[in-house]
Amino acid sequence: MAAETLFIVNPISGTGKQKRINAILQKSLDYSMFNPTIVLTKHSGHATELSRNAIGKYEYVIAVGGDGTVNEVARGLVGSDTVMGIIPVGSGNGLARHLNMPMNTTQAVKTLNKLLIKPIDTLKINGQVSVNVSGTGFDAHVAHLFAKNGKRGPIPYVKIAASEFMRYKSQAYSLELNGEKIFRNAFLISLANSSQFGNNAYISPEAKIDDGLVDVCIMDDIPKVESSIMATRLMNKTLHKSQHMEYIRTNRVVIDTNHPIVFHIDGDPIVFNDKIEVDVIPASLKIIYNDEIQKPVITSIEKDIAELFENQTVKAKKIIDRAKSTLGIKTKTEE
């Protein structure tokens, strides 16, 4: 007998592929396994209401949208026996990529038919659910600006990031990890449940989503002339090898400051007071995954990131050279 399955569709997600979801399901979904019901979200938070109400009525709940939709659906299902799936149609699709879900919508539906299920960890951050990557510092700063920008998609995001990289100043943080208190002046602190932000930008390439731990990724104050190097490392899975990165695995994190904390949860901006408490909730969400590693979808995004950050690196070098010239300090080429 086919299992009752709810498809929660965000009609305004990034790529627009969801507009054909009914036709794609009719063509590619195995109706002997799934009896689908399709519902469109109407406002922020609606996906959480729908997924929470689905418990006990539906065996599977499938998020059709981007990272924000995935987070909302997960919030309603954490701790239940209802299984979650993802058809990624956003611009980043961080968790979906970590789970090897195809970016092609038809192939993603066919992957659902394989019905491979495993429990994954979730994070509770000041009482709110995170399933992918959250954090404070530079990426949170960019997330807040991006939310106000009006233009969606990876390119506007990267343009903001490249521009703000030169202006953003590191912040002082007190962190309690594994019972030990440390102090860091950090450019960013990411809490990685999975390996990447999205768009194959890997903040913690070795992160595991089912180990009962969160990867606390601390980036120190990077010399601006190294911005293009760090951007390249982010995209080629070598960021963890940089001398500017520190990784600590733990099941609980407390972050303290003496001012409000600009933060993001799975990419969505939020502001907390001066303290953040993070707990890993092991094996708290059942999810459909793919056992076949996907080839990275070749887009212009990696080239665009490299070019934008390379431009910022050139600007930084020019500023440094002018400053040295003003002070009468010779550059290496002049010596």
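Please read all numbers here as calculations on a predicted model, not as lab measurements. Below, all heavy atoms of this structure are taken into account, side chains as well, without hydrogens, waters or symmetry copies.
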[X] side chain to [Y] side chain, donor-acceptor N/O pair below 3.5 angstrom:
{"X": "N290", "Y": "N100", "result": "no"}
{"X": "H98", "Y": "Q196", "result": "no"}
{"X": "T69", "Y": "N10", "result": "yes"}
{"X": "S28", "Y": "T106", "result": "no"}

Can you check whether [X] reaches [Y] side chain to side chain, under 4.5 Å on heavy atoms?
{"X": "Y289", "Y": "M101", "result": "no"}
{"X": "L115", "Y": "I288", "result": "yes"}
{"X": "L239", "Y": "M230", "result": "yes"}
{"X": "I8", "Y": "V61", "result": "yes"}
{"X": "V142", "Y": "H264", "result": "no"}
{"X": "H144", "Y": "V262", "result": "yes"}
{"X": "D210", "Y": "P119", "result": "no"}
{"X": "R75", "Y": "I265", "result": "no"}

Which heavy atom of [X] sits nearest a heavy atom of [Y], and at what distance?
{"X": "I86", "Y": "A96", "answer": "CG2-CB, 3.9 Å"}
{"X": "I182", "Y": "I248", "answer": "CD1-CD1, 4.0 Å"}
{"X": "P223", "Y": "H244", "answer": "CD-CE1, 3.5 Å"}
{"X": "I55", "Y": "G76", "answer": "CD1-O, 3.3 Å"}
{"X": "N185", "Y": "A172", "answer": "OD1-N, 3.7 Å"}
{"X": "V131", "Y": "I209", "answer": "O-CD1, 4.2 Å"}

Whether the side chain of [X] engages the backbone of [Y] through a donor-acceptor N/O pair (distance < 3.5 Å, no angle test) should be reported.
{"X": "E277", "Y": "K275", "answer": "no"}
{"X": "S51", "Y": "V73", "answer": "yes"}
{"X": "D121", "Y": "G212", "answer": "yes"}
{"X": "E72", "Y": "G45", "answer": "yes"}
{"X": "T257", "Y": "H259", "answer": "yes"}
{"X": "N236", "Y": "T238", "answer": "yes"}
{"X": "T5", "Y": "A3", "answer": "yes"}
{"X": "S134", "Y": "S130", "answer": "no"}
{"X": "N93", "Y": "G90", "answer": "yes"}
{"X": "D266", "Y": "V133", "answer": "yes"}

Between [atom1] on residue [X] and [atom2] on residue [Y], distance to nearest 0.5 Å:
{"X": "Y247", "Y": "S242", "atom1": "OH", "atom2": "OG", "result": "8.0 Å"}
{"X": "I222", "Y": "S170", "atom1": "CD1", "atom2": "OG", "result": "8.0 Å"}
{"X": "T136", "Y": "I125", "atom1": "OG1", "atom2": "CD1", "result": "11.0 Å"}
{"X": "F263", "Y": "I276", "atom1": "CZ", "atom2": "CD1", "result": "4.5 Å"}
{"X": "I120", "Y": "L95", "atom1": "CD1", "atom2": "CG", "result": "5.0 Å"}
{"X": "N35", "Y": "Y58", "atom1": "CG", "atom2": "OH", "result": "9.0 Å"}

Are F272 and V214 linked, directly or through other ILVMFWY residues, by side chains that come within less than 4.5 angstrom of each other? yes
Would you say I255 ends up clustered with V271 if hydrophobic residues are merged whenever their side chains have heavy atoms under 4.5 Å apart, either directly or through other cluster members? no
Relative to each other, are the rings of H43 and H46 parallel, tilted or perpendicular (30° and 60° limits)? parallel
What class does the angle between the rings of F165 and F138 fall in, given that below 30° is parallel, 30 to 60° is tilted and above 60° is perpendicular? perpendicular
Hits for salt bridge (Lys or Arg N to Asp or Glu O under 4.0 Å) against K114, two or more places apart or cross-chain, chain-then-number order -> D291, E292
Those residues at least two apart in sequence (or on a different chain) that pass salt bridge (Lys or Arg N to Asp or Glu O under 4.0 Å) with D215 are R249
Take D220 and I218 through the test side chain to side chain contact (heavy atoms under 4.5 Å, CB included) and record every step on the way to the result. CA-CA 6 Å; D220 68 19; I218 305 171; over 6 Å; no
For side chain to side chain contact (heavy atoms under 4.5 Å, CB included), just list the numbers for L213 and T250, CA-CA rounded to whole Å, side-chain angles, deciding distance to a tenth of an Å, and then say yes or no. CA-CA 5 Å; L213 302 170; T250 182; 5.5 Å; no
Salt bridge (charged side-chain N to carboxylate O under 4.0 Å, His left out) pairs touching residues 176-186, sequence neighbours excluded, are R184-E246
The single option from L40, L29, V9 passing side chain to side chain contact (heavy atoms under 4.5 Å, CB included) against I21: V9
Let's go through N199 and R97 carefully: what are the C-alpha distance in whole Å and the side-chain angles of both, what is the deciding distance for side chain to side chain contact (heavy atoms under 4.5 Å, CB included) to 0.1 Å, and is it a yes or a no? CA-CA 8 Å; N199 280 309; R97 291 176 191 270; 3.6 Å; yes
Stepwise, does the side chain to side chain contact (heavy atoms under 4.5 Å, CB included) test hold for I117 with I287? CA-CA 5 Å; I117 301 168; I287 201 158; over 6 Å; no
Does the pair D279 and K124 meet the rule for a salt bridge (Lys or Arg N to Asp or Glu O under 4.0 Å), with working shown? CA-CA 5 Å; D279 290 289; K124 184 168 283 188; over 6 Å; no
Are F7 and Y60 close enough that their ring centres sit under 6.0 Å apart? no
